[in-house]
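Take a look at the structure below.
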Amino acid sequence: MSIKKTLFLFIFLLLMKTVSTAQVIGDYISIASGNWTTGPTWGVVTGTGPLTWSGAGSGPTAGNNVFVRTGHIVFIPVGSAYFCTDLTVQSAGQLYTANSTPGNNTYINVSGNILCNGQIGNTPTFDNISFNIESSNCTISGTGLFDACRLRKNGSAVATTNLTINMNINLWFSTSSATQLYNNSTNGVFNVTISVGSTVNLLANGASLGHASIDGINGVINSSASTVDAGGTYTINGSLIVTGIMYFSNNNSNSATYKCNWIVNGLLRVSEISAGASTNAASGSSLTVNSGGKLDITGTNAWSALSPTNNTFNFVTGSTEEYSAGGPQTVRVASEFGGVTTAFQYGYLNVSNSGNKTCTVAGLYVKNDLTISGSAVLVPFVGISNIFVGGSWYNWGQAGFSESFSTVRFNNGASIGESVNCPGGEVFYILFQNSAANILTFNCPVTAYQVQLASANGHIDLNSNSLTITNPLQSGILGGGTARYIISEKTDNSSKVIWQIGTNTGTYTIP
């Protein structure tokens with residue numbers, strides 16, 4: 001062999017044995033595509049400057065950092081648990097199980113961090129690769145494709161695990177217990193933070209929907225002894241999309257250590273929330289939707305159970321709650337969440353898409369705007385009931401609100417404006433203007449059986465629109481006075497009060 005060819009071969013072999021400076025002595029690096037468990041797939045880093053390796057006699061074990069390198073495909077045999085510390089899948093590398101049999105999960109127990117710049121899973125084919133997060137602190141990050149089956153805390157060696165997700169993740173499972181994100185540890189705490197800009201999708205797989213839980217696979221109805229007292233906090237700064245059930249409540253023992261908290265600063269979209277009573281007060285469950293956060297419920301069985309027993313619900317001013325199913329939904333009201341104080345009112349309330357959005361209990365409270373969109377219909381509680389609106393009213397059309405005998409009370413004492421908005425005009429049974437020092441502005445014609453002006457300086461501005469009173473009695477307008485009146489002063493006479501009194505006679509006062 002010539003000197004030139006010998007030199008070329010030497011440089012080629014040297015480059016082949018050179019790895020990224022991210023690795024250190026003792027790390028496992030893939031040197032070929034192959035089986036996770038067999039030696040020929042792996043090299044063990046032996047030196048630095050540049051890094052080199054020697055052949056491995058077997059696959060990685062607990063305590064090894066693992067690198068699936070660029071261009072290598074590593075598959076994991078089904079049926080056993082596998083271990084590593086840090087796991088890195090480099091760009092154009094792939095790690096998967098090559099098994100799509102429903103329920104045949106294969107777990108990698110990770111006691112460090114996960115970096116995925118390549119591909120985890122076998123998309124578009126469903127793959128059973130799953131992860132047990134077993135470190136005190138774990139970050140999942142990268143620019144690759146992360147499509148797995150399950151993500152959970154399972155072991156008890158570490159009492160508290162803090163998982164931060166800094167990339168988009170898809171989880172999909174295919175059995176009757178299709179919970180994809182949950183705490184399965186014995187007397188453990190699993191805290192999960194989804195970072196801003198990151199989305200965790202719990203996807204449907206055929207008929208199986210993706211579920212989320214903190215206390216075991218299904219919260220309060222969990223009967224598995226191995227997951228007694230599984231608590232934690234899920235903080236959603238990015239997005240968590242749950243195509244199935246969010247198991248909210250729990251049956252943990254009476255210890256604050258195992259409380260289950262859901263904190264929404266970004267988007268939590270779920271099909272269904274199972275929020276029955278939690279077993280004990282100290283370890284109850286809480287849901288907080290903070291200002292700027294949004295809870296979107298997409299399924300027709302929106303709250304399959306709802307109880308304030310050992311549970312707390314806080315929809316902070318500036319939060320948004322939406323009922324967006326393509327069909328009927330029950331819109332829960334303040335008393336069903338535990339009371340009628342500010343904490344139990346919705347922030348901004350949207351009812352959207354289609355179908356009747358029905359209140360089966362009286363007393364709907366909204367701190368800010370109430371919006372009806374799509375072809376949805378807001379149906380208040382049958383009988384005399386109140387809808388409290390702290391901001392403006394937006395409706396796609398008259399058919400979007402079935403007013404019945406309800407009273408819509410505009411009751412914001414803050415400085416933000418209030419208005420009624422409905423193409424073609426809105427119809428109320430009783431319109432109650434109770435906003436001290438705030439003007440309610442009509443941006444469309446309004447028809448009402450009765451208008452009540454209750455608070456001083458809380459006026460109604462017709463704003464070049466008409467107010468039609470259908471009550472023929474003098475009680476059609478109540479509560480007017482020198483500090484409570486209708487503003488109709490438009491020089492073109494476009495602001496009008498139309499009172500349908502029929503053949504009645506008497507004194508009818510328009511304040």
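A donor-acceptor contact closer than 3.5 angstrom links the side chains of Asn261 and Thr233. Side-chain atoms of Glu321 and Ser319 form a donor-acceptor pair, as typed in the model, at a separation below 3.5 Å.
Smallest separation of non-hydrogen atoms from Phe126 and Trp172: CE1-O, 3.0 Å. The shortest non-hydrogen separation linking Thr186 to Ser156 is O-OG, 3.2 Å. Minimum interatomic distance between Pro308 and Phe337 (heavy atoms only, all atoms of both residues): CB-O, 3.7 Å. The shortest non-hydrogen separation linking Arg150 to Asn105 is CD-ND2, 3.8 Å. Minimum heavy-atom separation, Phe83 to Ala62: CB-N, 3.4 Å. Between Asn353 and Ala325, the shortest heavy-atom contact is CB-O, 3.2 Å.
Between Ile108 and the options Ile114, Leu95, Asn132, a side chain to side chain contact (heavy atoms under 4.5 Å, CB included) holds for only Leu95. When Tyr365, Tyr346, Tyr348 are each tested for a ring-ring contact (aromatic ring centres under 6.0 Å, His included) with Phe315, only one passes: Tyr346. Asn350 pairs with exactly one of Ile372, Asp296, Thr320 by the side chain to side chain contact (heavy atoms under 4.5 Å, CB included) rule, that one being Thr320.
Proximity of Leu209 to Glu272: side-chain heavy atoms (C-beta onward) are nowhere separated by under 4.5 Å. Using a 4.5 Å heavy-atom threshold, the side chains of Ile73 and Phe75 count as separate. In this structure, Ile120 and Phe131 have side chains that are in contact, with non-hydrogen atoms separated by less than 4.5 Å. Looking only at side-chain heavy atoms (C-beta outward), Asn314 and Thr312 stay at 4.5 Å or farther from each other. In this structure the side chain of Ser271 never reaches within 4.5 angstrom of the side chain of Thr243, judged on heavy atoms. Between Pro380 and Phe401, the closest side-chain pair of non-hydrogen atoms falls below 4.5 Å. In this structure, the side chains of Tyr323 and Thr330 stay at 4.5 Å or more apart for every pair of heavy atoms. Two residues are said to be in side-chain contact when any heavy atoms from C-beta on lie closer than 4.5 Å; Tyr96 and Thr125 fail this criterion.
Gln329 places a side-chain N or O within donor-acceptor distance of the main-chain N or O of Ser324, the cut-off being under 3.5 Å. With Asp229 contributing its side chain and Ser253 its backbone, the two residues share a donor-acceptor pair below 3.5 Å. Lys294 places no side-chain N or O within 3.5 Å of a backbone atom of Asn265 that could act as its donor or acceptor partner. Formation of a donor-acceptor pair under 3.5 Å by the Ser111 side chain with backbone atoms of Cys84 is found in this model. With hydrogens and angles disregarded, no donor-acceptor distance shorter than 3.5 Å links the side chain of Thr38 to the backbone of Pro40. Remark: side-chain polar atoms of Tyr234 are not paired, donor with acceptor, to backbone N or O of Cys260 under 3.5 angstrom. Using a distance-only test at 3.5 Å, with no hydrogens or angles considered, no donor-acceptor pair links the side chain of Thr358 to the main chain of Thr360. Put simply, the side chain of Ser185 never gets that close to the backbone of Asn154: no donor and acceptor are under 3.5 Å apart. Side-chain atoms of Ser249 come within 3.5 Å of backbone atoms of Gly276 as a donor-acceptor pair (strictly under, hydrogens ignored). Between the Tyr28 side chain and the Thr61 main chain, no donor and acceptor come within less than 3.5 Å of each other.
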Steps toward side-chain hydrogen bond (donor to acceptor under 3.5 Å, both in side chains) verdict (Thr97, Asn128): CA-CA 6 Å; Thr97 67; Asn128 281 299; 5.0 Å; no

Steps toward side-chain hydrogen bond (donor to acceptor under 3.5 Å, both in side chains) verdict (Arg152, Asn183): CA-CA 6 Å; Arg152 66 184 187 181; Asn183 184 0; over 6 Å; no

Go through the steps for Val361 and Ser335 under the test side chain to side chain contact (heavy atoms under 4.5 Å, CB included), then give the verdict. CA-CA 8 Å; Val361 178; Ser335 61; 3.6 Å; yes

Let me see the working for Asn250 and Asn310 under side chain to side chain contact (heavy atoms under 4.5 Å, CB included), right down to the final yes or no. CA-CA 9 Å; Asn250 73 80; Asn310 301 322; over 6 Å; no

Between Val66 and Val74, is the side chain to side chain contact (heavy atoms under 4.5 Å, CB included) condition met? List the steps. CA-CA 11 Å; Val66 173; Val74 176; over 6 Å; no

Dump the intermediate steps for side chain to side chain contact (heavy atoms under 4.5 Å, CB included) on Ile241 and Leu267, then the final yes or no. CA-CA 8 Å; Ile241 312 300; Leu267 170 65; 4.0 Å; yes

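Asn170 pairs by the side-chain contact (heavy atoms from CB on, under 4.5 Å) definition with Asp147, Asn201, Leu203, not counting sequence neighbours. Taking Asn35 as the reference, Thr37 meet the side chain to side chain donor-acceptor pair (under 3.5 Å) condition, with sequence neighbours excluded. In this structure Thr288 satisfies the side chain to side chain donor-acceptor pair (under 3.5 Å) test with no other residue, sequence neighbours excluded. Taking the side chain to side chain donor-acceptor pair (under 3.5 Å) definition, one finds that Thr161 meets it with Lys153, sequence neighbours left out.
If you take CG on Leu370 and OH on Tyr394, they are separated by 11.0 Å, rounding to the nearest 0.5 Å. Remark: His211 NE2 to Leu202 CG distance equals 10.0 Å, nearest 0.5 Å. Note that CG of Leu181 is 8.0 Å distant from CG of Leu163, once rounded to the nearest 0.5 Å. Here Ser195 contributes atom OG and Ile165 contributes atom CD1; the two are 8.0 Å apart, rounded to the nearest 0.5 Å. A distance of 8.5 Å separates SG in Cys138 from CG in Asp86, rounded to the nearest 0.5 Å. Rounding to the nearest 0.5 angstrom, the gap separating the CD1 atom in Ile133 from the OG1 atom in Thr139 is 10.0 Å.
Contacts classified as salt bridge (Lys or Arg N to Asp or Glu O under 4.0 Å) and involving residues 124-133 (residues at least two apart or in different chains) are not found. Residues in residues 330-339 take part in these salt bridge (Lys or Arg N to Asp or Glu O under 4.0 Å) pairs, two or more places apart or across chains: Arg332-Glu336.
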